[in-house]
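For reference, the structure is listed below as C-alpha cells.
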Amino acid sequence: MVFSVTKRDTTPYEGQKPGTSGLRKKVTVFQQPHYLANFVQSTFNALPADQVKGATIVVSGDGRYFSKDAVQIIAKMAAANGVRRVWVGQDSLLSTPAVSAIIRERISADGAKATGAFILTASHNPGGPTEDFGIKYNMENGGPAPESVTDKIFSNTKTITEYLIAEDLPDVDISVTGVTSFTGPEGPFDVDVFDSATDYIKLMKTIFDFESIKKLLASPKFSFCFDGLHGVAGAYAKRIFVDELGASESSLLNCVPKEDFGGGHPDPNLTYAKELVDRMGLGKTSNGEPPEFGAAADGDADRNMVLGKRFFVTPSDSVAIIAANAVQSIPYFASGLKGVARSMPTSAALDVVAKNLNLKFFEVPTGWKFFGNLMDAGMCSVCGEESFGTGSDHIREKDGIWAVLAWLSILAYKNKDNLGGDKLVTVEDIVLQHWGTYGRHYYTRYDYENVDAEAAKELMANLVKMQASLPDVNKSIKEIQPAVADVVSADEFEYKDPVDGSVSKHQGIRYLFGDGSRLVFRLSGTGSVGATIRIYIEQYEKDSSKTGRESSDALSPLVDVALKLSKIQEYTGRSAPTVIT
C-alpha cells in the first residue's frame with residue numbers, strides 16, 4: 001500500500017504550552033479540528049531532523065479516552081513527516097515508565113532504537129469524554145523533553161500555518177501485535193504493535209531478585225494486595241504479580257485498564273484509592289483481617305502508594321527506606337548507590353539517610369527532569385518526591401511498579417530466614433525500625449486550592465520580606481508557640497544544576513529550624529482556575545521514645561506557627577485548607 005502526503009492548512013490555538021508533564025486539557029479541547037495535529041507538528045518541527053526523518057518513535061499511553069484516535073492521527077503524521085517506524089503498545093497501552101524503558105532498551109529486528117516518544121496521558125487526572133487528555137514528548141534518554149525543547153514546541157504552536165499528514169494511510173489495528181508495512185514518498189514506513197509488558201518485565205528481572213520475592217509471596221503468613229485503579233498498571237500487574245511472582249489473582253483490585261478509569265480518580269492516595277485503603281484496614285469500614293502489604297499505582301503507573309496492615313507509609317519515608325535498604329535487598333544496587341536525591345518539598349528523611357551512609361545527596365526543584373540530569377551524569381541512583389513519585393536510574397521517569405517491587409524486595413530480604421516462622425517482619429516493623437535509627441520526620445501538606453491569584457502572590461511576597469529579619473520571625477514564633485525551635489535560616493529556594501549549570505529560581509519559600517524541622521510554602525499553577533498555595537509542615541523528632549506519636553499531635557504546634565506566620569486566613573479568607581495530605 002502506497003500512501004501520499006497531504007499538507008493541511010491550519011491556524012494556531014492559544015495556550016498549547018506544555019508544562020513539565022506535557023500538554024493537558026479536556027478531551028473536548030483536543031477534539032477540536034487540528035488541535036492535536038498542531039501540537040504534534042509543532043513537536044516534529046522542534047526536534048532535530050535526524051530524530052524525525054528515518055527515525056523510530058514510540059506512541060502509546062495510559063489508555064484513557066481519546067488515546068486510540070490520537071494514536072492513528074499521530075501515526076499518519078509521523079508517516080508524512082518521514083518517520084521510519086512507529087512502535088505502539090498493544091491497545092495503545094504503555095505505562096510512562098515502560099515507555100522510558102522501551103526508548104532506552106528496545107532494539108528492532110534491524111538494530112534500530114527509538115529516538116523519542118509521544119506519551120498519551122494526563123497522569124492521575126480522571127479520564128472519559130468530558131475529562132482530561134494529555135500528550136508529552138520524551139527524548140532519547142527516556143526522560144521528558146527539557147525546557148529548551150518544550151519552549152520551542154510552544155513557540156511553534158503560536159505560528160503554525162500547516163501540518164503534514166498521510167490521510168490515505170488506513171487505520172492500523174492496534175488490538176493485535178504485529179508489523180504493518182506501508183510505502184510512502186520517502187520509502188518504507190512500519191507500524192509495529194507489540195506486547196505492552198514484555199520489555200518492562202525483562203528490565204525488572206535484571207533489577208530485582210524475583211525468586212526471593214516469589215518465596216515471600218508463597219509464605220502462608222504473607223498476604224498481598226495491589227490496586228491498579230483501572231489505569232495502565234493493570235496491563236503489568238497480572239503478568240508480574242500473578243504470572244511471574246505467584247500471587248493469587250484475588251490479590252489484584254481494579255486491574256482492568258479502562259478509558260475512564262472506572263469513573264474513578266486514578267490517583268494513589270488515601271482519598272482516591274478508597275477500596276485499597278478499606279481493604280488494608282485504614283478505612284471507615286473493616287472487612288476481615290487486612291493483608292500484610294498493599295500498594296496502588298496511578299493512571300499511567302508512574303506514581304505509587306505503599307501500605308502495611310493498618311499502616312500508611314508516607315512517600316517521603318518510602319524513598320528514605322528504599323535508599324537505606326537498597327544495597328542489601330536489591331541486586332541492581334549491590335555495588336552501592338551513586339547518590340540520592342529528593343524534590344525540595346519532600347521531607348528531609350532522605351537527607352538523614354544520606355548523611356549516615358555517607359552518600360552524595362541532592363535537593364532539586366519539583367520536576368523529574370532534574371533527577372534525570374543527575375542520573376545521566378551518573379550521580380544519582382534513587383530519588384523521590386512527596387507527591388507519591390519514587391524511582392531510580394534504571395529509567396528516566398518515576399516508576400510505580402518499580403517502587404512496589406522495591407518494597408517487596410526489602411520485605412523478602414528482612415524475612416529470608418524467617419518465612420516458616422510464627423511472625424513475619426511487617427511493613428510497620430520496617431518503618432518503626434527506620435525511625436528508631438534515623439529519627440522521624442512528621443510531615444503534612446496543606447493545600448489551599450483556587451485561591452485568588454493576587455492574594456496568593458501577596459502572601460508569598462510577605463513571607464519573603466519577613467526573611468530579612470530572622471530575630472523578628474523568631475520573636476513572632478515564640479509568641480505563637482514557645483516550644484517551637486528557632487528558625488536558623490530562611491530563603492527562597494533556587495537550584496543550580498551541577499550537571500548543566502542551569503539555574504532555577506523562585507522554587508518555593510523555606511524556613512529551616514534548628515532542630516531539623518522545616519516549613520515550606522509553594523505557589524502552584526497546576527489547577528485550572530486560580531492559584532494553589534501548598535504549605536509543607538515537617539517536624540523532626542530524633543528522640544526514639546517520641547517517634548510513635550500521633551502525627552497530628554506532633555505537628556500541631558508547627559501547623560499553628562505556619563498558619564499564623566503566613567497570615568493565610570487574612571490573605572485568602574480561608575479558615576481551612578481544601579485538602580490535607
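Basis for what follows: all heavy atoms, side chains included, without hydrogens, waters or symmetry-related copies.
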Revision key, fill the gap. Exactly one of Leu120, Val99, Thr96 clears side chain to side chain contact (heavy atoms under 4.5 Å, CB included) with Lys136, and that residue is Thr96

Practice item. Can you sort out the partners of Phe261 under ring-ring contact (aromatic ring centres under 6.0 Å, His included), two or more places apart, ordered by chain and number? Key: none

Exercise for review: Would you mind telling me which of Lys26, Arg64, Lys25 makes a salt bridge (Lys or Arg N to Asp or Glu O under 4.0 Å) with Glu131?
Suggested key: Lys26

From [atom1] ([X]) to [atom2] ([Y]), nearest 0.5 Å:
X	Y	atom1	atom2	result
Leu94	Gln90	CG	CD	10.5 Å
Ser489	Tyr511	OG	OH	11.0 Å
Phe362	Asp497	CZ	CG	9.5 Å
Met375	Cys380	CE	SG	4.5 Å

Can you confirm whether the side chains of [X] and [Y] place a donor and an acceptor under 3.5 Å from each other?
X	Y	result
Ser95	Asp302	no
Tyr65	Asp132	no
Asn462	Glu458	no
Tyr163	His34	yes
Asn156	Ser42	no
Asp447	Thr578	no
Asn38	Thr157	no
Asp62	Thr121	yes

**Study point:** Ring-face cation of Lys369 near Phe371 (centre distance under 6.0 Å, axis angle within 45°)
**Key:** no

Point to revise | Geometric cation-pi criterion, Arg106 with Trp87: 6.0 Å, 45° | key: yes

Closer than 4.0 angstrom, basic N to acidic O: yes or no for [X] and [Y]?
X	Y	answer
Glu105	Arg396	no
Asp168	Lys76	no
Arg84	Glu186	no

Practice item. Report the relative orientation of the aromatic rings in Tyr236 and Tyr200; use parallel for angles under 30°, tilted for 30 to 60°, perpendicular for over 60°. Key: perpendicular

Check your understanding: Relative to each other, are the rings of Tyr446 and Tyr448 parallel, tilted or perpendicular (30° and 60° limits)?
Key -> tilted

Review point. Taking C-beta and beyond as the side chain, do Phe493 and Lys505 meet within less than 4.5 Å on heavy atoms?
Key: no

Point to revise | 4.5 Å side-chain heavy-atom contact, Leu203 and His394 | key: yes

Review point. For Asp260, which residues count as a side-chain contact (heavy atoms from CB on, under 4.5 Å) partner, sequence neighbours excluded?
Key: Lys258

**Study point:** Residues forming a side-chain hydrogen bond (donor to acceptor under 3.5 Å, both in side chains) with Asp69, sequence neighbours excluded
**Key:** none

Check your understanding: Listed by chain and number, what are the side-chain hydrogen bond (donor to acceptor under 3.5 Å, both in side chains) partners of Glu492, not counting sequence neighbours?
Key -> His506

Check your understanding: Counting N and O atoms only, with roles assigned by atom type, does the side chain of Ser316 sit under 3.5 Å from a partner on the main chain of Ser347, one being a donor and the other an acceptor?
Key -> yes

Got a list of side-chain donor-acceptor pairs under 3.5 Å for residues 383-391, not counting sequence neighbours?
unit_1, atom_1, unit_2, atom_2, d
Glu385, OE2, Lys398, NZ, 3.0
Glu386, OE1, Arg445, NH1, 2.8
Thr390, OG1, Asn304, ND2, 2.9

Check your understanding: Among pairs that include at least one residue of residues 91-127, which meet ring-ring contact (aromatic ring centres under 6.0 Å, His included), considering only residues two or more places apart or in two chains?
Key -> Phe44-Phe118, Phe118-Tyr137

